[in-house]
2 protein chains.
Amino acid sequence: MVSQKRRSEICAAAVELFDERGYYGTGMEDIAKVVGIRASSIYNHYNSKQQVLGDVSVQITEQLLREHAACLVGVSDPREKVRASMRNHVRFHATHAPQVRVSNREVKALQDPYAGIVRQLRRDYVQRWVQIIEEGCRQGLFTIADSKIATYYMVDMGTGVSVWFRPGGAYELDDLCELYANAALRLLRAVPPN
Amino acid sequence: MVSQKRRSEICAAAVELFDERGYYGTGMEDIAKVVGIRASSIYNHYNSKQQVLGDVSVQITEQLLREHAACLVGVSDPREKVRASMRNHVRFHATHAPQVRVSNREVKALQDPYAGIVRQLRRDYVQRWVQIIEEGCRQGLFTIADSKIATYYMVDMGTGVSVWFRPGGAYELDDLCELYANAALRLLRAVPPN
DNA sequence: CCTACCGATCGGTAGG
DNA sequence: CCTACCGATCGGTAGG
């Protein structure tokens with residue numbers, strides 16, 4: 001049987017284990033044990049361990065871009081685009097922390113074709129930020145030296161949330177999203193009203 | 001022979017390989033091959049692969065704190081402390097990129113006593129940032145909602161440099177340090193003169 | 001989905 | 001610093 005349910009069970013187990021022990025530190029036996037089957041049975045759903053990692057990485061990266069595009073619908077002010085992008089970035093990295101940690105940490109373990117796909121998606125994502133920032137600069141709303149560096153400021157800062165954020169901890173996610181959105185506009189020296 | 005030279009050769013080879021393929025993806029054979037000896041000979045210098053990773057991680061983390069302390073000598077204005085800290089953080093993460101990537105990526109693979117030591121050093125480092133920021137707030141120089149979050153902004157942003165920075169690339173390291181130092185003061189809403 | 005099994009490689013040890 | 005070797009585990013396959 002090659003049910004979609006089993007496939008996603010394997011995927012979920014793999015994410016947890018890759019996150020905990022890394023791609024090379026996780027055996028097919030480990031994944032199978034969590035799912036409740038034998039290691040050899042995984043090969044009815046995936047051709048290789050590499051394909052499991054590829055599936056996880058491509059899926060989560062595509063989802064990030066999809067949700068980013070969705071959060072910008074109907075927004076025209078570049079300052080609001082930055083706010084929405086930052087909120088989305090932080091929320092995504094907090095709520096899909098294991099997946100983004102794995103896809104960031106194991107990007108070097110990823111081989112083609114997955115590696116090429118994921119790298120291209122990441123370039124697209126950075127490029128979207130760059131274009132929003134440059135649009136704001138042209139409108140005289142932002143003042144920055146380099147739009148690429150400004151993008152790294154914000155993306156790297158928000159990605160860090162996936163490492164230290166704990167649901168139910170000291171910080172409420174909604175509050176965090178607002179703090180980061182405001183911080184982004186400060187980084188860009190955005191003219192008020194923010 | 002347990003020469004210090006051999007030990008650091010093993011260390012250097014291990015950093016490159018751990019960075020490239022991860023801790024679990026790297027065998028003692030791989031490290032030995034780079035050094036030009038047999039895998040079993042590494043055990044004349046280290047008791048285990050874990051000890052090699054521990055050595056790398058503790059050393060680089062101690063060095064970060066040492067250089068951070070040194071960059072603050074004679075500085076009293078909190079704004080200048082933030083500038084110096086940010087410049088040091090970025091420069092360190094750019095010039096020791098493989099080491100910090102390994103020590104960040106493999107922190108979960110680290111066992112006690114190394115894990116405990118490294119985690120404590122990291123807490124110390126964060127605490128130093130927090131105290132500088134709170135000092136600036138008390139003096140009315142900074143305006144922020146949460147000093148811990150503000151620390152994460154800056155530390156995470158600067159740590160990102162270790163991932164994308166390439167020496168001899170589009171950005172000069174000195175310029176980058178200044179850009180990040182200025183960005184840090186914007187994040188803190190520092191009062192001029194900056 | 002299973003059992004049975006492949007050759008390769010793993011970290012580490014014994015002994016010199 | 002080496003050779004020789006340990007038991008365990010690796011990703012993956014054959015065959016049902």
Side-chain angles (χ1 to χ4, degrees), chain A residues 1-58 102 105-115, chain B residues 1-58 102 105-115:
Chain A
M1 274 299 292
V2 277
S3 67
Q4 182 55 45
K5 181 168 167 266
R6 248 315 180 241
R7 210 180 143 100
S8 61
E9 280 175 353
I10 293 167
C11 229
V15 165
E16 294 303 315
L17 290 165
F18 290 167
D19 187 32
E20 203 73 33
R21 297 184 243 168
Y23 176 68
Y24 292 109
T26 303
M28 295 299 259
E29 312 267 4
D30 303 321
I31 299 170
K33 193 173 293 175
V34 172
V35 177
I37 55 176
R38 296 287 172 172
S40 59
S41 301
I42 293 177
Y43 293 90
N44 285 296
H45 304 272
Y46 286 99
N47 294 324
S48 62
K49 191 170 84 162
Q50 173 67 208
Q51 196 183 39
V52 179
L53 178 63
D55 200 16
V56 167
S57 298
V58 170
V102 167
R105 183 194 203 201
E106 305 297 351
V107 68
K108 277 182 181 167
L110 212 59
Q111 298 165 6
D112 280 326
Y114 310 109
Chain B
M1 275 298 291
V2 279
S3 68
Q4 182 53 46
K5 182 168 167 265
R6 249 310 182 244
R7 211 179 141 100
S8 62
E9 280 175 354
I10 293 167
C11 226
V15 165
E16 293 304 315
L17 290 165
F18 290 165
D19 187 33
E20 203 72 33
R21 297 184 243 167
Y23 175 69
Y24 292 109
T26 303
M28 294 300 260
E29 313 266 5
D30 303 321
I31 298 170
K33 195 174 293 174
V34 172
V35 177
I37 56 177
R38 295 287 172 171
S40 59
S41 300
I42 294 178
Y43 293 90
N44 284 295
H45 304 273
Y46 286 100
N47 294 325
S48 63
K49 191 170 84 161
Q50 173 67 209
Q51 196 183 40
V52 179
L53 177 63
D55 200 16
V56 167
S57 297
V58 170
V102 167
R105 184 195 202 202
E106 305 297 351
V107 68
K108 276 181 183 169
L110 212 58
Q111 297 164 6
D112 280 325
Y114 310 109

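To find a chain, count down the sequence lines: A is the first, B the second, and so on, and within it residues start at 1.
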Asker: Taking CG from Asp30(A) and C1' from dT9(D), how many angstroms apart are they, rounded to a whole number?
Answerer: 10 Å
Asker: Can you tell me the distance, in whole Å, between the CG atom of Asn47(B) and the C1' atom of dT13(C)?
Answerer: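 That distance rounds to 12 Å.
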Asker: Can you confirm whether Lys49(A) sits close enough to Phe18(A) that some side-chain heavy atom of one is under 4.5 Å from a side-chain heavy atom of the other?
Answerer: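 Sidechains of Phe18(A) and Lys49(A): in contact.
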Asker: Atom OH of Tyr24(A) and atom C1' of dT9(C): how far apart are they, to the nearest Å?
Answerer: 14 Å
Asker: When the distance from CG of Asn44(B) to P of dA14(C) is rounded to whole Å, what number comes out?
Answerer: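 Between P of dA14(C) and CG of Asn44(B): 13 Å.
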Asker: Taking only the side-chain heavy atoms of Arg38(A) (C-beta and beyond), determine which of dG12(C), dC2(C), dT3(D) contains the nearest atom.
Answerer: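 Within the option list, the nearest is dC2(C).
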Asker: Using heavy atoms to find the nearest nucleotide of DNA chain D for Ser40(A) and Glu29(A) separately, return the residue whose nucleotide is more 5′.
Answerer: Glu29(A)
Asker: Using a 6.0 Å cut-off, check whether atom CD of Gln50(A) has over 12 heavy atoms from anything other than its own residue.
Answerer: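 It does: Gln50(A) CD has more than 12 such atoms within range.
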Asker: Could you state the atom-to-atom distance from CE of Met28(B) to P of dC6(D) in whole Å?
Answerer: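 Computing the Met28(B):CE to dC6(D):P distance gives 20 Å.
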Asker: Closest approach to the side chain of Tyr43(B), judged atom by atom: which nucleotide of dG12(C), dC2(D), dG11(D) is it?
Answerer: dG12(C)
Asker: Would you indicate whether Arg7(A), at its atom CZ, is surrounded by more than 12 heavy atoms from other residues, nucleotides or ligands within a distance under 6.0 Å?
Answerer: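 Result for CZ/Arg7(A): enclosed.
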Asker: Report the base-pairing partner of dG15(C) (Watson-Crick or G-U wobble, both distances below 3.5 angstrom), or none.
Answerer: dC2(D)
Asker: Which nucleotide in the list dG12(D), dC10(D), dC2(D) gets nearest to the side chain of Ser48(A)?
Answerer: dG12(D)
Asker: To the nearest Å, how far apart are Arg21(B) CZ and dT9(C) P?
Answerer: 12 Å
Asker: Check the pair Met28(A) / Arg38(A) against side-chain contact (heavy atoms from CB on, under 4.5 Å), numbers first and verdict last.
Answerer: CA-CA 9 Å; Met28(A) 295 299 259; Arg38(A) 296 287 172 172; over 6 Å; no
Asker: Send over the distance from Ile31(B) CD1 to dT9(C) C1', rounded to a whole Å.
Answerer: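 Going from CD1 in Ile31(B) over to C1' in dT9(C) covers 15 Å.
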Asker: For the pair made of CG in Leu17(B) and P in dT9(C), what is the distance, rounded to whole Å?
Answerer: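 It works out to 16 Å between those atoms.
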